[in-house]
Amino acid sequence: MLISENWLRAILFWAVAALAVINGVTADEEEIDYRLPTALAPTHYTLYLHPELDTGNFTGQELITIRVIEATKQIILHSNKLTISNVYVLNREVENYELDTVREFLIIDLAEELTVNAVITLGVLFEGQLLNKLTGLYSSSYQAPSGEQRNIATTQFEATYAREAFPCFDEPAMKATFQITVVHPTDAYDALSNMNKIETQYLGENTMATFGISVPMSTYLACIIVSDFESLSKTVQTNGIGNDFQLSAYATPHQLSKVQFALDFGAAVTEYYIQYFKVAYPLPKLDMAAIPDFASNAMENWGLLTYRETALLYDDDYSSTYNKQSIAAVLAHEITHQWFGNLVTMQWWNDLWLNEGFARFLQYKGVNAVYPDWGMLEQFQIIALHPVLVFDAKLSSHPIVQKAESPSEISALFDTISYEKAGSILRMLENLVGSEKFEEAVTNYLINFTYGNTVTDDFLTEVAAVVSDFDVKQLMRTWTEQMGYPVLNVSRSNAGFTITQQRFLSNKESYNEEAEASEFNYKWSIPVTYILDTFASGEVKDLIFQYDQDSVAIAASSDVKWIKMNVHQYGYYRVNYDSNLWEVINNQLIEEPTRFAIADRAHLLNDAFALADAGQLAYSVPLEMTSYLAQEKDFVPWYVAASKLQSLQSSLMYTDSYVSYINYARYLLTNIYSEVGWTVDADDHLKNRLRVSVLTAACALGVPDCLSQAAQRFTTWLNNPTAANRPAPDLREVVYYYGMQQSSSESNWEKLWEIFKAESDASEKLKLMYGLSGVQDPQLLYRFLNLGSDESIIRSQDYLTCIQNIAANPVGEPVVWEFYREQWPQLVERFGLNSRYLGRVIASITGRFESQVKLDEVEAFYNKYPESGAGAASRQQAIETIKYNINWLQENGASIANWLDGTANPLTVKNP
């Protein structure tokens, strides 16, 4: 057999890699060119797939219509984990074909050169495996009420997994139309795909379903499902923007009633987006399906959205207020993608934020449009903004626009930067340019690039076209092309206030380390908003602090007492005031909390604690600020406070000041704990969210009545697990976890374990799984880890969550750390190094480590297992977090202890 040029390149690569290893150097993934050549462009796939549910195999064949862009003698496309049985090109001679497993290429050598503008048809016959995976074309199963196991087949192609189902040009810019045919069992089964079914042929035991030709789309958006699911449908009213169409929701037959909420909300939010975008939905239908085994929360396949059961199915008997909100958020996110991502797609994965940032930002608008009483625009702060500010304050972060080539690098991009930071930057941009101009730019972008691919500059060009008073592109480049964010330092001056900026890093030691080069030298063009105490209610002023300015001044008369910057925390930055200003703001907050809006109260708390944690503010400032909480009754500020109270508990657990701190934290919760009580409000969404946040904090901090209430409810139900005795869905996680914690007997754990195994509702199963992790017996927790590794008990999609739940229990943390290190090879075998979910577990397990011994253990683990795949950044984050924890105790332990013992602590005043 002739050796192709590709094989010569591969041999040369591995020879160089071998020499590198001999010399103690690991070959860098970036040395490999993972990108497809640009010589060919697919235009159409005729794809036939036959998943065999009984054997776990699948067979397929395809015809790909290809246009020749550059003269070539090779056809190179993607294929991975497939057995190729035949390759042919109509009216052309194929000399040879081979697989490059490193780059996941199928390389086809032709006898004659293909000329520019020629159109050819490539045919491939192939087969693969459905089993033991959650990517590509794979199998899932569920147990029917009769006890029978029912198998289904489904797909998950984003980001680089379409190539595991059929050979294809698996890059987002290589869009093509698809006509898909699926063979499925005739009895009780049916097939779904992106488009509507246009033909059905009965073949005895099997049926062949053919679907309509799709619009041009990227390979990662193709989808099929073979199942016995049933559905409910509803008409989406487009009000003249395109044609009305059917929205259908599919689920296992015994759970069909649980799709009604998703169906009603999905129709309403789709109608909102059609009016917001002013662009028609281009397909004839939109389906949603709840899949029993699904790695992500959901996937935006065009015309056929797939979800975890917990992300689609809602049942009043099982689902909490949070479950309801989460389902709405996930649906809004995926439906946004039908435009942002599907209709207009990023050119390459480095601009993933154009998909995910928009979907994250707009999901809050969508839910708010349908449920304005849920306060989703304020909740953006606590769910999206605050967590990413923590992540992005580390050196292990990365820019929004980030180079990624290999499958593992691409997988790693699906992180909080591409979602939450990108969404936060869009929120800041909309606030800067105004909602009307932002919406106009969005519409123009979607219209001008329909069925196309874009880069960041394309969107910014549309914004610049409607905004003329500042340089949008320059401003946004400072946010998309460099990691991190600034802190604005505000001081009083004779003429008003002076503002300077510097990069904010959560660990003081990080300022001494060499930063990755940045064109803007870690300075940002910042949209600054502010209010003064002399302003009328609702009055806000703004300015732009350019990256090349040393400082900016805000004029104010001498009678102005205070300035509050970053109004409603729309800006992606922190604010630090001089000590006198912090004191005045604190006094105002205590005297009249409602002088600041809900979002501003949450912002002040969040920034004050973050700055103190980073050693940039005396810890007495946020601690004194907490005294206003006796008057606080809103969910969003209390969520910030409750989260921080629990975080401090963990940080101070092994210090001399722990008891004093716990007493003070419990004191802060006194009023709000009495206010929320243990009775769930049927129609008060935010009160229910507040209740869970407060009860969780109260039990975590050991408030005696909270633990007693949880234990009593848990014991009553566990001894007689009837529907009448089961706690309300909103209370279940608190009752299960802290009830188990307070009654940590093996017999009680066994009872809960049996209930967990017998439970079929996916949402309830997660609540019970969380409760099992609360036991205070390390042997039971170790047993839980081993029992849970059986996929018939805990599905693969949930097992990593189980590990993290146990690690969050102080008793379970060392158990999980030992287990994780011992079982790492098995975990890699099961989930794969390219799994971003496995990659992130290390940062979660080690997030509370705070000693040099633990740091050494983590580094030893990295040395033993140097291959990190999609978890490379998470490994860096883990190291950085441990170093931060060590420094935090050294920097803040004494000052917190002094404050707790001092006269500023109201408990000290009451009990001198």
Side-chain angles (χ1 to χ4, degrees), residues 29-38 40-42 45 47 49 58 60 62 64 76-82 84 99-107 124 126 128-130 132-138 154-176 178 217-224 294-296 298-302 306 337 341-342 345-356 402-415 418-419 453 828 831-840 867-873:
E29 279 190 315
E30 293 182 4
E31 294 176 2
I32 307 172
D33 184 2
Y34 287 92
R35 301 287 290 272
L36 289 174
T38 57
L40 304 173
Y45 293 82
L47 176 62
L49 290 169
F58 69 87
E62 64 184 343
I64 310 176
I76 302 177
L77 65 165
H78 289 105
S79 181
N80 188 33
K81 299 180 182 177
L82 296 173
I84 309 296
L99 293 168
D100 177 342
T101 56
V102 175
R103 295 185 292 174
E104 301 176 355
F105 284 178
L106 170 59
I107 301 159
V124 187
F126 54 90
Q129 292 286 321
L130 296 169
N132 303 316
K133 58 178 184 171
L134 295 174
T135 58
L137 175 56
Y138 69 94
T154 188
T155 57
Q156 170 58 36
F157 290 163
E158 192 178 37
T160 60
Y161 302 121
R163 66 193 69 171
E164 294 183 4
F166 60 102
C168 56
F169 295 82
D170 200 14
E171 294 185 357
M174 294 197 173
K175 290 188 172 183
F178 286 76
M217 64 184 188
S218 305
T219 49
Y220 77 86
L221 294 171
C223 182
I224 72 161
F294 202 74
S296 305
M299 178 60 206
E300 66 266 22
N301 315 297
W302 214 347
T306 46
H337 273 313
N342 298 10
T345 313
M346 74 267 141
Q347 181 79 15
W348 182 248
W349 298 106
N350 61 309
D351 279 312
L352 178 64
W353 81 281
L354 292 172
N355 284 17
E356 300 301 348
Q402 169 79 353
K403 185 177 183 292
E405 298 294 332
S406 71
S408 63
E409 290 171 340
I410 292 167
S411 179
L413 282 181
F414 289 78
D415 68 356
S418 297
Y419 287 73
N453 296 85
V828 171
F831 295 99
L833 274 174
N834 281 357
S835 167
R836 57 185 178 272
Y837 306 106
L838 176 62
R840 290 173 192 156
E867 289 189 74
S868 55

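Index from 1, following the sequence. Not measured: the values here are computed from a predicted model.
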Legend entry - Distance, nearest 0.5 Å, that separates CG of Asn453 from CG of Leu354: 10.5 Å
Legend entry - Where Ile410 and Glu405 come nearest, the two heavy atoms and their spacing: CD1-O, 3.5 Å
Inset, instruction - Identify the two heavy atoms, one from Ala222 and one from Phe178, that lie closest to each other, and give their separation to 0.1 Å. - result: CB-CE2, 4.4 Å
Inset, instruction - Find the distance between CD (Glu158) and CG (Asn355) and round it off to the nearest 0.5 Å. - result: 7.0 Å
Inset, instruction - Apply side-chain contact (heavy atoms from CB on, under 4.5 Å) to Arg103 and Ile32, showing your working. - result: CA-CA 8 Å; Arg103 295 185 292 174; Ile32 307 172; 3.5 Å; yes
Legend entry - Under 3.5 Å donor-acceptor, Ser406 side chain and Glu409 backbone: yes
Inset, instruction - Any chance you could measure Gln402, atom CD, to Leu352, atom CG, to the nearest 0.5 Å? - result: 11.5 Å
Inset, instruction - List the atom of Asp170, the atom of Tyr161, and the distance in Å for their closest heavy-atom pair. - result: OD2-N, 3.8 Å
Legend entry - Main-chain N/O of Ala404 paired with Trp348 side-chain donor or acceptor, under 3.5 Å: yes
Inset, instruction - Provide the closest heavy-atom pair for Thr219 versus Cys168 in the form atom of the first, atom of the second, distance. - result: CG2-CB, 3.9 Å
Legend entry - Side-chain heavy-atom pair Tyr138, Phe294 within 4.5 angstrom cut-off: yes
Legend entry - Verdict with supporting geometry, Leu221 and His337, side-chain contact (heavy atoms from CB on, under 4.5 Å): CA-CA 11 Å; Leu221 294 171; His337 273 313; over 6 Å; no
Legend entry - Gap between atom CG of Leu99 and atom NZ of Lys81 - 0.5 Å precision: 14.0 Å
Inset, instruction - Show your working on side-chain contact (heavy atoms from CB on, under 4.5 Å) between Phe126 and Leu49 and close with a plain yes or no. - result: CA-CA 10 Å; Phe126 54 90; Leu49 290 169; 3.9 Å; yes
Inset, instruction - Locate the shortest heavy-atom distance separating Arg836 from Ser411; write the atom from each residue and the value. - result: CD-O, 3.1 Å
Inset, instruction - Using the test side-chain hydrogen bond (donor to acceptor under 3.5 Å, both in side chains), find all partners of Asn350 that sit at least two apart in sequence or belong to another chain. - result: none
Legend entry - Where Leu77 and Leu36 come nearest, the two heavy atoms and their spacing: CA-CD2, 3.8 Å
Legend entry - Parallel, tilted or perpendicular: ring planes of Phe414 versus Trp349, cut at 30 and 60 degrees: tilted
Legend entry - Sequence-distant partners of Glu300, salt bridge (Lys or Arg N to Asp or Glu O under 4.0 Å), two or more places apart: none
Legend entry - Worked verdict on Ser296 versus Tyr837 for side chain to side chain donor-acceptor pair (under 3.5 Å): CA-CA 9 Å; Ser296 305; Tyr837 306 106; 2.7 Å; yes
Inset, instruction - Fit a plane to each ring of His78 and Phe105, take the angle between them on a 0 to 90° scale, and name the class: parallel (under 30°), tilted (30 to 60°) or perpendicular (over 60°). - result: perpendicular
Legend entry - Nearest-0.5 Å distance that lies between atom OG1 in Thr154 and atom CE in Met299: 11.0 Å
Legend entry - Side chain to side chain, Arg163 and Leu106, heavy atoms closer than 4.5 Å: no
Inset, instruction - Measure the spacing between OG1 of Thr160 and CD of Glu164 and express it to the nearest 0.5 Å. - result: 7.5 Å
Inset, instruction - Verify, without hydrogens or angle tests, whether Ser79 (side chain) and Pro167 (backbone) share a donor-acceptor contact under 3.5 angstrom. - result: no
